[in-house]
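Worksheet for the structure shown next.
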Amino acid sequence: MKWSQTLIPTLKESPSEAEIESHKLMIRAGLIRRVTAGAYAYLPLGTLVLNKVIAIVREEMNRAGAVEVFLPSLQPLDLLEESGRLQIFGEDLITFEDRHGKTTALGPTHEEIITDIVRNEVNSYRQLPITLYQIQTKFRDETRPRFGVLRSKEFIMKDAYSFDMDYEGLNKSYKSMYDAYCRIFDRCGLDYLVVEADSGAMGGDVSHEFMVPSPVGEDVLIRCLKCGYSANRERAESAPLLQENHATLQTLKEVPTPNKHTIQEVSAFLQVKPCQMVKTMIYISNGQPVAVLLRGDHEVNETKLSKVLGQDTVALADHATIEQVTGARVGFAGPVGLNIEIIADQAVSVLRNFVTGANKPDTHLENVNADRDFKISRVADIRYVTTDDRCVKCNHKIDISQGIEIGHVFKLGTKYSDALKAKFLDTNGKGKSMIMGCYGIGVNRILASAIERSHDENGIIWPLSLAPYKIIIIPVNVNDPSVIQAANHLYDDLTNLAGFEVLLDDRDQRPGVKFKDADLIGIPVKIIIGKKFTETKELEIKLRKGGETFLSTPDGVRLKIKQLFEVLLKI
RNA sequence: CGGGGCGUAGCGCAGUUUGGCUAGCGCGCCUGCCUUGGGAGCAGGAGGUCGGAGGUUCAAAUCCUCUCGCCCCGACCA
């Protein structure tokens, strides 16, 4: 492609809409433009990269034995109702009413659609197992789109769905997708981690997230750098804390704490560390209030809590309910004297002589002890781990960092096949629910992550596999006939004979502009036809990454490039 | 949805507090000259419903009311 014939609108200055590097660079390098909040247009360069990613994904899906389909974005609401996810998606679902008054949704994901098709078309064990996938635009009305294509209302996802006869089959399908994901992200040049994840609204039990570590990531990763344990924040567990059995039980006593209702205020007022305090939160479970006890410096993990309570979701009680249950204003609740179920976090169960609210206005209790002063109904792990925690597997120090979620695989089991009655006849002629898995990749996020990972002050540095063009030819002076002739000749040679993807910067611009632009858009290899060529007929080959430079005769270029590519592919 | 901020040329911004001539600056764009190894220089030029609507006023980018859009923090998030 000749630069003058395509559209690569590069920008010298960073646009004010962008906050993070990848977003700024995608705009500056002319890959994308924002059309409205959470929706982006891909310009020629961005489209080329997007297609590179898609091609890699498609190749590896096919290699893994998955079969491509293409499902509609328009989804009828009744299927979502049937699976029970209409409520779960709620406001995130983008819907519209057509001219007949029928409400239709723009698909946020496609479990229901694919399950509907499979239940209609697959009836026998002979047709199983099968994994179907598609690459398609999804729509979610994110409350807050952010960071360019990292969190948008409209995004491209590769989503795959496996259907098996039994759990052994599911395990195989899952493994096969898991391995394909590793190959995909490896080929895209990403550094990634796989973490245990909670399956959230997707349902199912086992789930792994593929994460690119990055300070701009919106997900939190918990890792043990010693044994390799890794999980996301919702899921991560920590080593149980030990009983402080050396402390002797002291006398329970009331202390006045006028108007001190937060942990910080009470802690400062009574000169007691938050980790020696217990906060009592009233939740509503199954319509009944439940007291949840946490150490003052810990945070409740509602995902864990809802599992413990056996609920889909849990919610804090409103102020009126709290006052009714505890007999005191919010901020003075405590377990002593409460006659509702009391769930204590494991860290609370080992505390002695702690401080809690007294269920009386402006009063706290000191030297509270479980068993003696109140009864814990259940002890469970219901909190987020902290940097003070130790690894659940090996008791080593724990590392907490951030990451971008680029892929997620789930073992769904029969959640959707039961709900939508996707059954097959087994070898004995008995009807059984299909065992499902689902597997997603955020295609746009791969672009952004790749840039986050690989850029410098001059711009993007594409890995060879994602580069929109592998080579950029820069004739320094297009008004010099011998130079432009050589450039055109080389372009034809590399494009037509060698089959490389080449961009020829044929613009009548000063050299500085062309070099800066070439760096900004991140083309891995520059071929410069300039001073050296006029003097000695030599071309200069320069690598974007590292800036290493080689001289070559026009005839030797092809071979030299091939050698360089072999090296670049290994990076 | 709560809190904060912004909207003036394609992009980045000044001007708004204290209303006042023809609304500025840098980058980009067009023409010409010159220049050709890291975002040159000179000269000339095009480009604006000052987000929109209404109001106050002799006079509104500037003050008032409403409204739309965008960004940030939080809540939320396969």
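Computed from a predicted model, the values in this text were never measured in an experiment. In what follows, every chain begins at residue 1, and chains take the letters A, B, ... in the order their sequences are listed.
At a non-hydrogen distance threshold of 4.0 Å, A:Arg28, A:Arg34, A:Thr36, A:Ala37 from residues 22-38 of chain A come into contact with RNA chain B. Remark: nothing in residues 70-81 of chain A comes within less than 4.0 Å of RNA chain B through any heavy atom.
The two residues A:Pro145 and A:Ser152 have their closest heavy-atom pair at CB-CA, 4.5 Å.
Using P as the reference atom, B:rU8 and B:rC1 are 25 Å apart when rounded to the nearest Å. Taking atom C1' on both B:rG48 and B:rG52, the two are 15 Å apart, rounded to the nearest angstrom.
Each of A:Phe147 and A:Glu302 has a nearest nucleotide on RNA chain B; the 5'-most of these lies closest to A:Phe147.
Judged by Watson-Crick or G-U wobble contacts below 3.5 Å, the nucleotide B:rG74 has B:rC1 as its partner. Using N1 to N3 plus N6-O4 or O6-N4 for Watson-Crick, or N1-O2 and O6-N3 for G-U wobble, each under 3.5 Å, B:rU65 pairs with B:rA53. Using N1 to N3 plus N6-O4 or O6-N4 for Watson-Crick, or N1-O2 and O6-N3 for G-U wobble, each under 3.5 Å, B:rC42 pairs with B:rG32. In this structure, B:rC25 and B:rG12 make a Watson-Crick or G-U wobble pair, each of the two defining distances being under 3.5 angstrom. Pairing for B:rG48 is absent, judged as Watson-Crick or G-U wobble with the two contacts each under 3.5 Å.
Taking the six-membered ring where the residue is Trp, A:Phe210 and A:Tyr192 present tilted rings, their angle falling between 30° and 60°. Note: A:Tyr178 and A:His208 have perpendicular aromatic rings, judged against thresholds of 30 and 60 degrees for the angle between ring planes.
Under a cutoff of 6.0 Å and an axis angle of 45°, A:Arg34 and A:Tyr40 do not form a cation-pi pair. Cation-pi contact between A:Lys560 and A:Phe550: present, with separation from the ring centre below 6.0 Å and deviation from the ring axis of at most 45°. By the 6.0 Å and 45° rule, A:Lys411 stacks over the aromatic ring of A:Tyr174.
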Exercise. Take A:Ile435 and A:Phe163 through the side-chain contact (heavy atoms from CB on, under 4.5 Å) test and state the conclusion after the steps.
Key: CA-CA 6 Å; A:Ile435 314 297; A:Phe163 298 84; over 6 Å; no
TODO: I would like to know whether A:Trp462 and A:Val49 meet side-chain contact (heavy atoms from CB on, under 4.5 Å); could you show each step before the answer?
DONE: CA-CA 9 Å; A:Trp462 287 118; A:Val49 182; 3.6 Å; yes
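Nucleic acid contact class of A:Tyr439 (heavy atoms, under 4.0 Å, all strands): none. Residue contacts shown for A:Thr143 include a base, since a base heavy atom lies under 4.0 Å away.
In summary, the aromatic rings of A:His489 and A:Tyr491 are positioned with their centroids too far apart to meet the 6.0 Å limit.
Separation of atoms CZ (A:Arg507) and CH2 (A:Trp3) is listed at 4.5 Å; rounding is to 0.5 Å.
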Protein heavy-atom contacts under 4.0 Å, written 5' to 3' over nucleotides 26-38 of chain B as B (base), S (sugar-phosphate only) or - (none), form the string BSSS-----BBBB
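In this structure, A:Ser16 does not reach the B:rC71 phosphate: none of its side-chain N or O atoms is under 4.0 Å from OP1 or OP2.
The 12-atom threshold is not exceeded at CD of A:Glu91, counting heavy atoms of other residues, nucleotides or ligands nearer than 6.0 Å.
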